[in-house]
Amino acid sequence: MGRDGNKSCFACCFSTPTTSSSSAIKLLFFIVPLILVSFIVFVLVPRNSTWALIYSLPPSTSAVAAAAANSSEKLGAAVHAESSQQVLDLPSRVVKTVDVGGSSGEATLSDSDEVAVNRSASPPLSAVEAVTKFQELNETKEYSSLNTSITDSDSLDITINGTPNNATTSLNETIALPLKHSRQVRTKLDKVEAGLQRARSAIREAKNGSQLQDPDYVPIGPMYWDAKAFHRSYLEMEKQFKVFVYKEGEPPVFHDGPCKSIYSMEGNFIYKLDVDTKFQTKDPQKAHVFYLPFSVAKMVRFVYSRDSRDFSPIRRTVVDYINLVAQKYPYWNRSHGADHFMLACHDWGPEASFSLPHLEKNSIRALCNANTSERFNPVKDVSIPEINLITDKLTGLMGGPSASQRQILAFFAGGVHGPIRPVLLEHWEDKDEDIKVHKYLPRGVNYYDMMRNSKYCICPSGYEVASPRIVEALYNGCVPVLISKSYVAPFSDVLRWKSFSVTVSVDDIPKLKEILMNISTRQYIRMQRRVLQVRRHFEFNSPPKRYDVFHMILHSVWLRRLNVRITDDHGVVAN
């Protein structure tokens, strides 16, 4: 009975029961395998995802975002939204996860981060805007050395130091934010300015350094404000200074000038620079300065009408030329003329520069007529010597005995013009055996022989402040006596004129002999030796030689260029 009872119980479990119990068994057989499969899937499938999830996107734009992200190779993310028909309903605390450089993963926001993200006043980004923003983040990759903190439009702090915060990038990939902040782009002008900055540093260091060696000449002595700094500056000029000469314009007004007169520096400088290969560059983007190759002396001859006394044709010529080069090239407008220079030895050189405000106020003006009362600015303008050349050689113009063999105390001979010379002639013409002052030299007396036999050569200004007698005195070993008003002596940015010349005011002309006699013989000999040393800077050579007048003019222009910084966005900064 017991065995039969057990069989009966077993049969009750597996025999065909009522309809309801049969349905329950079928459901059990269906659910159990489903649970097992779900468990296996849950355990085996990795939780990390490379999906590009766009935060807070409307369901209708998710597919567009995924497609756009998939088309951007710069994102470096594998977008799998297209392979799923399911619409993503992202939790509010899940942030977009982008595979940048091969690493992927989800990131969750802390409470403070969530506040930072939602703090933006901007509306939520659409799918295309969001992908475009990521493309912008990856557009610029070459500035990995920047070390600045930048805040984007969503108030997310990103430190540009090779790797942004909370992101993993490859070692050779960086992210920059364009259009939001200025970038230090390495343009050709940046390279030019970097070279100038290195030159400035070298010149400053030279002041306290040892004396440099030079096979041709080593500046030394009290004739220079700072001999070491000048020497280093000159060498830096030789190493990197480049001048672009505008080719526009035709002779005789442009690319031409007088070479055998008191205005000879105009023509000689133009010719020497036109054929120069050391300092001239054919590439304007490499130039430190730009030369305006017009001759004021030639304008006076060919443009100006002496009968009309109308200066406007010269002004129009200057304005038209600068307008021409400003329209053809970007460099005048970039600096408003601050890296351009003109050169004029004619008395009307300053007046010609007044034709254009920027030419007068910004450009470097190399002028013989360096008169501060006529708006000459020693900070940016250059005083150059007036040299009266008869030929293209200095043969017969230089020389003279030693200081002890000069018997005449002081000498002057010249015409009466301007306000100073009449005063000089009134007090000293034929009135003293030691002070030889003449309006016209006696017959048979040679002008240069008188200079060579004189200790001091009187150099009064005429109608204009400059006088060729200054250079003539230096050529002949005679100590110059400068009598002028508002005159800036040539190359006075480098040369210490009071160490090799004498300055006498107009009011002290009656005391001229007393002033010169009070200079001791020892001091005179020192000054005369210094004259012989510095005159190399005033010598005209064809072809030019190092440290001569051509190179000294270039050096003075070089110094003025060192005083400013030019930027591509029309900026000029004074140093």
Side-chain angles (χ1 to χ4, degrees), residues 217 219 221-227 230 233-234 237 261-269 272-273 296-297 341-347 349-350 353 364-374 376-389 394 397-398 457-462 464-503 527 530-541 544-560:
Y217 177 69
M223 306 84 66
Y224 303 99
W225 292 108
D226 192 321
F230 165 57
S233 176
Y234 186 90
M237 176 195 74
S261 70
I262 60 174
Y263 309 132
S264 62
M265 284 313 302
E266 279 191 21
N268 282 296
F269 185 83
K272 296 299 182 289
L273 196 57
V296 176
F341 78 99
M342 59 168 283
L343 184 143
C345 253
H346 195 277
D347 298 348
S353 71
I364 302 167
R365 300 179 302 163
L367 303 172
C368 288
N369 188 16
N371 190 343
T372 56
S373 66
E374 296 181 4
F376 180 88
N377 181 1
V379 174
K380 73 167 192 67
D381 296 329
V382 175
S383 175
I384 63 175
E386 191 172 83
I387 304 177
N388 187 13
L389 291 176
L394 296 181
L397 297 180
M398 300 182 64
C457 290
I458 304 170
C459 306
S461 296
E464 302 298 341
V465 292
S467 170
R469 284 171 182 79
I470 297 175
V471 174
E472 291 169 349
L474 297 176
Y475 281 180
N476 290 283
C478 188
V479 177
V481 178
L482 307 181
I483 307 178
S484 63
K485 291 182 178 179
S486 308
Y487 179 52
V488 178
F491 312 137
S492 55
D493 46 8
V494 170
L495 299 179
R496 191 167 166 262
W497 275 82
K498 67 179 182 180
S499 70
F500 59 90
S501 68
V502 179
T503 300
M527 287 195 293
R530 294 165 188 167
V531 164
L532 300 179
Q533 187 172 345
V534 301
R535 73 180 178 187
R536 71 170 58 241
H537 301 314
F538 297 85
E539 292 178 8
F540 170 80
N541 296 295
K545 297 180 181 179
R546 298 181 70 209
Y547 298 99
D548 69 359
V549 67
F550 174 78
H551 289 91
M552 288 298 290
I553 292 174
L554 281 178
H555 180 262
S556 290
V557 175
W558 157 257
L559 283 183
R560 301 319 187 273

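One-based numbering along the sequence shown.
Listed for the S556 side chain is no donor-acceptor partner under 3.5 Å among the backbone atoms of V382. In terms of modelled atom types and a separation under 3.5 Å, the side chain of R535 and the main chain of Y475 share a donor-acceptor contact. Between the Y547 side chain and the R536 main chain, no donor and acceptor come within less than 3.5 Å of each other. Checking side-chain atoms of S264 against main-chain N and O of I387 turns up a donor-acceptor pair under 3.5 Å. Checked by atom type and distance alone, the side chain of W225 pairs as donor or acceptor with a backbone atom of S492 at under 3.5 Å.
Under the side-chain contact (heavy atoms from CB on, under 4.5 Å) criterion, A344 pairs with E266, V296, M342, L367, sequence neighbours left out. Under the side chain to side chain donor-acceptor pair (under 3.5 Å) criterion, Y224 pairs with Y217, H537, not counting sequence neighbours. Take C457 and apply the disulfide (SG to SG under 2.5 Å) test, not counting sequence neighbours, and it matches C478. Annotation: salt bridge (Lys or Arg N to Asp or Glu O under 4.0 Å) contacts of D548 (sequence neighbours excluded): none. Partners of H555 according to the side chain to side chain donor-acceptor pair (under 3.5 Å) rule, which considers only residues two or more places apart in sequence or in another chain, are S233.
How far CZ of F376 is from OG of S486: 12.0 Å, rounded to the nearest 0.5 Å. With rounding to the nearest 0.5 angstrom, the NZ atom of K272 is 8.5 Å from the CE atom of M265. Considering CE of M223 and NZ of K498, their distance stands at 15.0 Å, rounded to 0.5 Å. In this structure, L389 CG and S261 OG are separated by 8.5 Å, a value rounded to the nearest 0.5 Å. Note that CH2 of W558 is 14.5 Å distant from CE of M552, once rounded to the nearest 0.5 Å. Here the straight-line distance linking atom CG of D347 with atom CD of E386 works out to 7.0 Å at 0.5 Å rounding.
Closest of all the heavy-atom pairs between P222 and S499 is O-OG, 3.3 Å. Contact detail for G477 and L532: the closest heavy-atom pair is CA-CD2, 3.9 Å. Here the shortest heavy-atom pairing between S461 and S484 reads OG-CB, 2.9 Å. Of all non-hydrogen atoms in C459 and P480, the two that sit nearest each other are SG-CB, 4.3 Å. Among all heavy-atom pairs drawn from L482 and S501, the shortest one is CD1-OG, 4.3 Å. Shown here for Y263 and C345, the closest heavy-atom pair between the two residues is CD2-O, 3.4 Å.
Within a 6.0 Å radius of NZ in K380, more than 12 heavy atoms belonging to other residues, nucleotides or ligands are found.
The ring-ring contact (aromatic ring centres under 6.0 Å, His included) analysis of residues 481-501, with sequence neighbours excluded, yields the pairs F491-F538, W497-F500, W497-F538. Listed by first then second residue, pairs satisfying salt bridge (charged side-chain N to carboxylate O under 4.0 Å, His left out) with a partner in residues 364-374 read R365-D381, not counting sequence neighbours.
With contacts defined as side-chain heavy-atom distances shorter than 4.5 Å, the pair E539/K545 does not qualify. Proximity of L273 to F550: side-chain heavy atoms (C-beta onward) are separated by under 4.5 Å at one or more points.
Of the residues L343, V549, I384, the one that meets the side chain to side chain contact (heavy atoms under 4.5 Å, CB included) test with F269 is L343.
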Side-chain atoms of residues 464-474: list all donor-acceptor pairs with protein atoms under 3.5 Å, sequence neighbours left out, distances to 0.1 Å.
residue, atom, partner, partner atom, Å
E464, OE1, N369, ND2, 2.9
S467, OG, R469, N, 3.2
R469, NE, A413, O, 3.4
R469, NH2, A413, O, 2.9
E472, OE1, Y447, OH, 2.9

